[in-house]
Visitor: 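Could you have a look at this structure, given as C-alpha cells, before my questions?
Remember, it's 1-based here, ligands and their atoms both numbered in the order they're listed.
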Amino acid sequence: MSFESSSNSANSESPYSRLLKKSENEIVEVLTHYLKEKVEEEVFKHILIVTDVAKKIAEKLNLNEESRKLVLIGALLHDVGRCKSHGMDHAVIGAEMLRKDGFDERIAKIVERHIGAGLTAKEAKSFGLLEKDYIPKTVEEKIVALADNLVSNRKVLRKKEYLKAVKEKFSNQTDVLERHIKLLKEFEDVID
Ligand SMILES: [Fe+2]
C-alpha cells in the first residue's frame, strides 16, 4: 500500500478546507469534535499538552496570525493517525487522512513530518515508510515536532531534561542526536 500524497484529491468543498479562516476558538471547537470521534482519550490528553507547548512557542516567536493558526491546527492533529496505528507510520497515515478530509496541504505536512526531529529518506525506508524526506522544513512543522518531543507522556520537559534524554537515547546515532539538538537550538530562546 502506498501513502504517497495526492493534493488533487483534497476535497475543496470540505468544511476543513476553510479552517484557517476561523477564529482560534472555533478551530479548537471544530477539531475537538473531529478528534473525539477518532482518537482514544489518552491520545487526546497528550495532544492537548503538545498543543499548549506549541502555542506558547508560536506566541513567543510573535508569528503572524496564519502561522499561529497553522501551529495550533497542526499540533491538534499531529497524532490523529494514532487512531489507525501507533507505529512510525502514524504520521503518514494521519497526513493522508487529513488530505482525504480536505485539510490544507501545509497542515498535512506538519503532521507527516512530526516524528522525532524528522526522518531522512533512508531512515523512513528502514521503518517501512515510503522512501522520502520527512524532515520538518517550515517554522510551523518544526514547532510541532519540537513540542511533541518536549512532551514525554504528559510531562513537559525542560531543555536540560530533553537534552539529557536524547543524548541517552541516541548515543549510538550521532546524526539523529545532532538533528534533535539542532532543532532544539533553533528555538532555545523561547523554551524553558
Ligand atoms: Fe506522533
Visitor: Heavy atoms, side chains only, cut-off 4.5 Å: are Tyr34 and Phe103 in contact?
Guide: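 Yes, side chains in contact.
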Visitor: Mind checking whether the Fe ion (ligand 1) has an N, O or S of Asp148 under 2.8 Å?
Guide: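 Here the distance criterion (N, O or S atom, under 2.8 Å) is not met by Asp148, so no.
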Visitor: Does this structure show an ion pair linking Lys36 with Glu41, if we count only N-O contacts that are shorter than 4.0 Å?
Guide: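 So Lys36 pairs with Glu41 through a salt bridge.
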Visitor: What is the name of the N/O/S atom of Asp79 that is nearest to the Fe ion (ligand 1)?
Guide: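 It is OD1 of Asp79.
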Visitor: Is the distance from the Fe ion (ligand 1) to some N, O or S atom of His78 under 2.8 Å?
Guide: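 It does not; every qualifying atom lies at 2.8 Å or beyond.
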Visitor: So if you build clusters from Ile, Leu, Val, Met, Phe, Trp, Tyr with side-chain heavy-atom gaps below 4.5 Å, do Leu77 and Leu72 land together?
Guide: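 Linked within one cluster.
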Visitor: NE2 (His90) to the Fe ion (ligand 1) to NE2 (His114): angle, nearest 10 degrees?
Guide: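 Rounding to the nearest 10 degrees gives 100°.
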Visitor: Is a donor on one side and an acceptor on the other found under 3.5 Å between the side chain of Ser67 and the backbone of Asn64?
Guide: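 Not a single qualifying donor-acceptor pair exists.
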